[in-house]
Engineer: 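Following this message is one structure expressed as structure tokens.
One-based numbering, in listed order, for ligands and for the atoms of each.
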Amino acid sequence: MKTQVDVLKITIVYDNNAFDPRLKTAWGFSALVEYRGQILLFDTGGDGRILLENMRALKIDPARIQAVVLSHAHGDHTGGLIALLNGGDNPPVYLLPSFANTYKRQLGMMTQVSEVAPGQVIADGILTTGEIGGNIPEQALLVRTENGLVVITGCAHPGIVRIVERAKELTNDPVYLVLGGFHLGDKNKTEISAIIADFRRLGVQKVAPCHCTGERAIAMFADEYGQSFIRTGVGTLITVMQED
Ligand SMILES: [Zn+2]
Ligand SMILES: [Zn+2]
């Protein structure tokens, strides 16, 4: 019997894919991660007002957020942070070493800022891939559950397959779920098929693509994964617990 605290809950609080009609849909991504009594926010969407309004509609108290992790330096992922910090709650912020110094200094005047390292533990059972390099460097958040690894990505600019490979290397865990932006909007059918084949090769059991994944890729993942595809948009709650 697993205790309640080992249940992982991920709530999409900001996304450009509509889901919960009570919430505003806007370009960007933010996910609230609750695990073992800890609450983290991964990315902050593009607009602080929308982020805070969506949280209010979902009855999420921003004061309960214990840490914020920023996937990469794009405004559709970082744009809501200042409004969150201006609200008087000052959770520590985990960002990439490559973020601009001026931005780090600006945040540093408001809260504690940490540059992540590969495999760094952010909270109990939650770690980061660390900065994955490329034209647009990025980190993904990894949650180790009884079912396997849950990989949460922002835009996946370094490549979604590369991120999943890095996650496996760092943990040696089987991959249960990959969630977030896969960044395949400019890929054709053949390219997306190859990526889906890579997901199968890597043993990814479930997928929850949203944000910048692209309509065609979302449809193809839905076809391939069937019951193991999770339709995801703003307000989606994904619960991961041990399966009997
Ligand atoms: Zn981006
Ligand atoms: Zn994005």
Engineer: For residues 228-238, dump all side-chain donor-acceptor pairs below 3.5 Å to protein atoms at least two apart in sequence or in another chain.
Structural biologist:
| residue | atom | partner | partner atom | Å |
| --- | --- | --- | --- | --- |
| T232 | OG1 | I230 | O | 2.8 |
| T236 | OG1 | G233 | N | 2.9 |
| T236 | OG1 | G233 | O | 2.9 |

Engineer: Donor-acceptor pairs are to be reported for all side-chain atoms of residues 68-77 against protein atoms at under 3.5 Å, with residues two or more places apart or in another chain.
Structural biologist:
| residue | atom | partner | partner atom | Å |
| --- | --- | --- | --- | --- |
| S71 | OG | D43 | OD1 | 3.1 |
| S71 | OG | D43 | OD2 | 2.7 |
| H72 | NE2 | H74 | ND1 | 3.3 |
| H72 | NE2 | H157 | NE2 | 3.2 |
| H74 | ND1 | H157 | NE2 | 3.2 |
| D76 | OD2 | W27 | NE1 | 3.0 |
| D76 | OD2 | H211 | NE2 | 3.0 |
| H77 | ND1 | D43 | OD2 | 2.7 |
| H77 | NE2 | H211 | NE2 | 3.1 |

Engineer: Under 4.0 Å between a Lys/Arg side-chain N and an Asp/Glu carboxylate O for E131 and R166?
Structural biologist: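 The answer is no: the pair does not qualify as a salt bridge.
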
Engineer: If you look only at distance, which donor and acceptor atoms sit under 3.5 Å apart when one is on a side chain in residues 180-192 and the other is two or more places apart or in another chain?
Structural biologist:
| residue | atom | partner | partner atom | Å |
| --- | --- | --- | --- | --- |
| N188 | OD1 | T190 | N | 3.0 |
| N188 | OD1 | E191 | N | 2.8 |
| E191 | OE1 | N188 | N | 2.7 |

Engineer: Please list, in chain and residue-number order, the protein N/O/S atoms closer than 2.8 Å to the Zn ion (ligand 2).
Structural biologist: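 Only D76 OD2, H77 NE2, C155 SG, H211 NE2 fall inside 2.8 Å of the Zn ion (ligand 2).
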
Engineer: Checking F199 against V175 for the side chain to side chain contact (heavy atoms under 4.5 Å, CB included) test, could you report, in this order, the C-alpha distance in whole Å, the side-chain angles of both residues, the deciding distance, and whether it holds?
Structural biologist: CA-CA 9 Å; F199 266 53; V175 181; over 6 Å; no

Engineer: With a cut-off of under 6.0 Å to the ring centre and 45° to the axis, is R200 in cation-pi contact with Y225?
Structural biologist: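 Judged by the rule (NZ or CZ under 6.0 Å from the ring centre, within 45° of its axis), R200 counts as positioned above Y225.
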
